[in-house]
Amino acid sequence: MRTQVGIIGAGPAGLLLSHLLHLQGIDSVVLESRSREQIESTIRAGVLEQGTVDLLTETGVGERMKAEGALHHGFELAFEGKRRRLDLTGLTGKSITVYAQHEVIKDLVAARIAAQGALHFEVSDVSLHDVESSKPGIRYRHQGEARELHCDFIIGCDGAQGVSRNAIPEALRRDYQRVYPFAWFGILVEAPPTSDELIYARHERGFALVSTRSHDVQRMYFQCDPEDSVDHWSDDRIWAEMHARVDSDEGHKVIEGKIFRKNIIGMRSFVSTTMQHGRLFLAGDAAHIVPPTGAKGLNLAVSDVRVLSEALRGFYKNDRIDLLDRYSETALKRIWRAEHFSYWMTRMMHRLDDASPFEQQLQVAELEYVTTSRSAAMSMAENYVGTAPV
Ligand code: RFL
Ligand code: PHB
């Protein structure tokens with residue numbers, strides 16, 4: 001089998017790239033190790049930057065998101081028993097949309113299938129070959145048969161656990177990593193929204209986040225030990241912890257409901273450079289991870305493939321190689337900004353076991369600053385809504 005661009009992984013990065021290339025008349029094949037049902041039901045991100053929403057809308061896959069997603073113009077910061085609002089739209093003119101990642105996946109899969117795009121699920125034993133030549137290939141197994149895909153370019157969109165990154169020789173790679181000594185306990189709840197906007201809470205017992213999915217399903221998280229187990233957390237214990245961390249002295253209370261999903265999510269910051277080796281390019285979580293506090297991971301995956309699709313278009317339409325050669329450098333500028341923001345917000349909001357009482361007071365001082373100084377609020381807001389596309 002032959003195609004122009006071979007894409008490994010049908011997450012947001014791989015599917016959106018395939019969609020953008022199709023709109024430019026460039027052929028691609030997407031190879032995914034999981035089933036369609038699995039990728040369409042994995043619970044992950046919720047917050048889409050306006051730039052992400054605009055791109056999905058402009059390219060014809062935003063209809064359901066517009067109808068079912070919720071437009072938010074700010075969020076709340078809860079600390080020291082009070083709640084303070086960050087007015088995203090007042091400060092930046094932009095907003096965010098809360099729409100679940102697996103719904104974005106469903107919309108992109110539907111668009112690829114409607115366009116008769118090649119999308120192969122449940123492939124295994126994926127390996128990359130000849131990435132330094134102009135005719136690279138991907139070998140894999142599908143429906144019991146060994147296959148090979150010949151292409152001009154391979155794009156590794158296979159997430160944090162994928163195989164593509166390892167096809168870049170270690171001697172040419174530099175990895176940067178920070179693993180945090182805490183995790184998030186995530187729950188899905190049948191309940192009405194606690195608040196009109198997301199609530200990020202800093203409490204001495206630990207961080208908590210109240211997000212939403214719809215008028216009757218809510219998504220909430222609280223900081224826990226990475227070694228903890230969901231079995232240790234009864235519903236009563238979870239609600240006691242959420243109330244302790246989020247309820248305000250001003251009388252706001254978290255609204256409880258039936259908890260129907262619990263999971264624990266590890267947190268790390270990671271960047272792998274370079275993102276290009278010969279005809280292989282990495283995009284999204286395959287190259288970089290952020291802790292979810294800043295809600296940046298999916299949005300970064302989208303901005304990577306936006307840059308990459310333009311560079312591939314330059315190659316196929318105008319014989320330009322320079323945009324492809326600059327991809328890694330261009331993408332990394334935005335990636336490092338988001339890495340810093342996610343790290344900063346994580347450090348400000350979480351209980352840090354090694355923090356002295358002095359450092360804990362600094363967290364509170366910083367929260368006071370971003371909720372009272374217009375310039376500090378602006379800095380937080382412009383990072384949260386997403387810095388301008390590169
Ligand atoms: P994905 O989504 O991991 O997709 C990679 C795909 O590749 C497949 N795969 C392979 N396929 C073939 N062969 C192989 N050898 C393969 N190995 C893997 C996998 O099955 C998978 O389908 O990566 P992608 O596309 O780069 O997208 C990244 C985002 O998924 C991720 O950054 C976000 O979910 C992060 N994130 C958030 N991002 C936001 O922008 N806003 C948020 O509000 C937000 N909240 C979150 C989050 C991530 C979370 N978790 C679970 C880590 C909240 C949470 C709790
Ligand atoms: C979510 O709704 O899942 C969500 C919201 C904000 C974050 C992370 C996750 O920062």
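Source: prediction; values computed, not measured. Whatever order the structure lists them in is the order used to number ligands and atoms, beginning at 1. Just so it is clear, the values below take in all heavy atoms, side chains as well, and ignore hydrogens, waters and symmetry mates.
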Query raised in the report: Taking 4.0 angstrom as the limit, do Arg205 and Glu241 come out as a salt bridge?
Result: yes

Query - Gln161 heavy atom under 4.0 Å from ligand 1 - result: no

Requested in this report: For atom 49 (C) of ligand 1, decide whether some protein heavy-atom distance is shorter than 4.0 Å.
Outcome: no

Query - Side chains of Ile264 and Phe185 in contact at under 4.5 Å (non-hydrogen atoms) - result: yes

Report summary line: For Ala295, the atoms of ligand 2 under 4.0 Å from one of its heavy atoms are 7 (C), 10 (O)

Report task. Can you figure out which of Val47, Ile43, Ile265 has its heavy atom closest to atom 5 (C) of ligand 2? Result -> Val47

Query raised in the report: Among protein heavy atoms, which lies nearest atom 4 (C) of ligand 2, and at what distance?
Result: Tyr221 CE1, 3.9 Å

**Report entry** Mode of Ile8 contact toward ligand 1 - side chain, backbone, both, neither (heavy atoms, under 4.0 Å)
**Finding:** side chain

**Report entry** Side chain, backbone, both or neither: Asp158 near ligand 1, heavy atoms under 4.0 Å
**Finding:** both

Requested in this report: Would you kindly specify which portion of Thr293 sits under 4.0 Å from ligand 2, judged on non-hydrogen atoms: side chain, backbone, both or neither?
Outcome: backbone

Query raised in the report: ligand 1 versus Asp285, non-hydrogen atoms closer than 4.0 Å: side chain, backbone, both, neither?
Result: both

Query raised in the report: Can you find an N or O of Ser211 that's nearer than 3.5 Å to an N or O of ligand 2?
Result: yes

Query raised in the report: Mind checking whether Tyr140 has a heavy atom under 4.0 Å from ligand 1?
Result: no

Query raised in the report: Is it the side chain (CB and beyond), the backbone, both or neither of Arg44 that lies under 4.0 Å from ligand 2, heavy atoms counted?
Result: backbone

Query - N or O contact, Gly159 vs ligand 1, cut-off under 3.5 Å - result: no

Query raised in the report: Quick one: does Gly46 get a heavy atom under 4.0 Å from ligand 1?
Result: yes

Query - Smallest separation among heavy atoms of Ala295 and Val47, with atom names - result: CB-CB, 3.7 Å

Report task. Go through ligand 2 atom by atom and flag the ones less than 4.0 Å from a non-hydrogen atom of Pro292. Result -> 7 (C), 8 (C), 10 (O)

**Report entry** Protein residue, atom and distance nearest to atom 6 (C) of ligand 2, heavy-atom basis
**Finding:** Tyr200 OH, 3.3 Å

